[in-house]
*Asks:* 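Let me give you the structure first, and then I'll get to my questions.
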2 protein chains.
Amino acid sequence: MLSLDVKRLHIDTPPDTLIVMEDEVDRLVAAWRRERPDLDVEPLEVLSRVSRLARHLDRARRTAFAEHGLEPWEFDVLTALRRAGSPYQLSPGQLLTQTLVTSGTMTNRIDRLTAKGLVVRLPDPDDRRGVLVRLTEAGRDKADQALAGLLAHEREILAQLAPAQQTELAALLRSLVAPFDRSS
Amino acid sequence: MLSLDVKRLHIDTPPDTLIVMEDEVDRLVAAWRRERPDLDVEPLEVLSRVSRLARHLDRARRTAFAEHGLEPWEFDVLTALRRAGSPYQLSPGQLLTQTLVTSGTMTNRIDRLTAKGLVVRLPDPDDRRGVLVRLTEAGRDKADQALAGLLAHEREILAQLAPAQQTELAALLRSLVAPFDRSS
DNA sequence: CAGAGATATCTTGACGTCGAGATACTTTCG
DNA sequence: CGAAAGTATCTCGACGTCAAGATATCTCTG
């Protein structure tokens, strides 16, 4: 009964060799249709999958970074600095807007990254209220290694899709994300 | 310079009327290509968008639930019970596996939902170690109202895409999610 | 150039989650 | 039957985050 409800990824595959790729969201949607047949739960087909996939990606990232002795939040901060380009420094405020955490959290993070020797705090020569957070050489190396590791892991996950499908998926997702990025 | 790097959603549109939908991930990827031209960062085009979209969805869900006086975690627990069908009860252990939190967290959540009168704790007649968490009538109403509200919000977000595109997107996402759901 | 308001960062206290351990009960198997 | 292992739930301490407030400095205006 369940298999009849599942979308077929390859329409031309003969039914008896069809590989049914069912996921948790299929079960979720089926449960809602049973309990609330009056409701149109189509949106969940897309957006619940986005949320669930993001959860799985978080876990995968966590293990990928652990190989380099990094926490996900450490990666976020280090790579923000790395992307800034030489001399790899940003103000705490700039880091706030990039990582979407609050200032108290960022202070804490910079403290710990400093203790690990991955960044240093420098006074901002142009603004005595300000501070510049700069990547150390060790921090830069960590960031580069962790990024390479992350990309390797992510490529494996995406191997499920043909290159053209990946491009298509990216475009569809961009349509959904763009309105949020514009407003905020 | 940036606009040249952006994918065009509609290839046949004349360049000067092209609507460029750029998002944060485009900027992210552009920065990496500048700093690490040796690296293939294609995977980020898909997976960073998934993560960022999920973040935005979390915020949108939070505001949608706030209209009903619910926190996201409360919605998760209540709807898990609601989906179970009459008599709307599950053990704390079953709730754990559905919501992916630890037992300490779930105890805390059940406590607070009980205090709000949305669930009740009943002794399991078949296992004296066990407890059953049951939705009250008020809890069931809350869950139903919040779900309707959530779906309305999500439909707005998805209005960016034609129905066929939504179906396509759901299928692509399922391919990526399914391997995780199988293993765990 | 003085003062009001804006800005940048840090400090503090409260909260929710996690993870390890504790307790109570059940199941398995000799 | 009875001990050992398994299972279900709760308790507790540690940790990271947030939000609000404090402090120092800058900028704009008159």
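Proteins come first, then strands; the chains are lettered A, B, ... in the order of their sequence lines, and each starts at number 1.
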*Asks:* Count the heavy atoms belonging to other residues, nucleotides or ligands that lie under 6.0 Å from CZ of B/Arg121, then report whether that count exceeds 12.
*Replies:*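 Yes, because the 6.0 Å sphere around CZ of B/Arg121 holds more than 12 heavy atoms from other groups.
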*Asks:* Take the protein atom CG of A/Asp58 and the nucleotide atom P of C/dT17, then report the distance between them rounded to whole Å.
*Replies:*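 Result: 16 Å.
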*Asks:* Check salt bridge (Lys or Arg N to Asp or Glu O under 4.0 Å) between B/Asp40 and all other residues, then give those that pass, not counting sequence neighbours.
*Replies:*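 For B/Asp40 the salt bridge (Lys or Arg N to Asp or Glu O under 4.0 Å) partners, ignoring immediate neighbours, are A/Arg155.
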*Asks:* With a 4.0 Å limit, can you tell me whether A/Arg112 has a side-chain N or O closer than that to the phosphate oxygens OP1/OP2 of D/dT17?
*Replies:*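 The answer is yes; a side-chain N or O of A/Arg112 sits under 4.0 Å from OP1 or OP2.
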*Asks:* Would you call B/Glu74 and B/Lys116 a salt bridge, using N to O less than 4.0 angstrom?
*Replies:*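 Answer for the salt bridge query: yes.
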*Asks:* Is A/Arg27 paired with A/Glu24 through a side-chain N to carboxylate O contact shorter than 4.0 Å?
*Replies:*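 So A/Glu24 pairs with A/Arg27 through a salt bridge.
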*Asks:* Of all of residues 79-110 of chain A, which get a heavy atom below 4.0 angstrom from DNA chain C, listed by number?
*Replies:*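 Those residues whose heavy atoms fall under 4.0 Å from DNA chain C, taken from residues 79-110 of chain A in numerical order, are A/Ser91, A/Pro92, A/Gly93, A/Ser103, A/Gly104, A/Thr107.
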*Asks:* When the distance from CG of A/Leu132 to P of C/dC10 is rounded to whole Å, what number comes out?
*Replies:*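 Those two atoms, CG and P, are 11 Å apart.
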*Asks:* Transitively linked via ILVMFWY side-chain contacts under 4.5 Å: B/Leu150 with A/Leu176?
*Replies:*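 Each belongs to a different hydrophobic cluster.
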*Asks:* Taking 4.0 angstrom as the limit, do A/Arg49 and A/Asp26 come out as a salt bridge?
*Replies:*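 So A/Arg49 pairs with A/Asp26 through a salt bridge.
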*Asks:* Might you point out which heavy atoms bring A/Leu70 and A/Ala146 nearest each other, and give the distance in Å?
*Replies:*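 In this case the closest contact between A/Leu70 and A/Ala146 is CD1-CB, 3.8 Å.
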*Asks:* When the distance from CG of A/Asp111 to P of C/dT9 is rounded to whole Å, what number comes out?
*Replies:*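 From A/Asp111 CG to C/dT9 P: 13 Å.
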*Asks:* Restricting to nitrogen or oxygen on both sides, can you table the protein-nucleotides 23-27 of chain D pairs closer than 3.5 Å?
*Replies:*
unit_1, atom_1, unit_2, atom_2, d
D/dT25, O2, A/Arg129, NH1, 3.4
D/dC26, OP1, A/Arg128, N, 3.0

*Asks:* Any side-chain heavy-atom pair from B/Arg109 and B/Leu95 closer than 4.5 angstrom?
*Replies:*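 Side chain of B/Arg109 against side chain of B/Leu95, heavy atoms only: no contact under 4.5 Å found.
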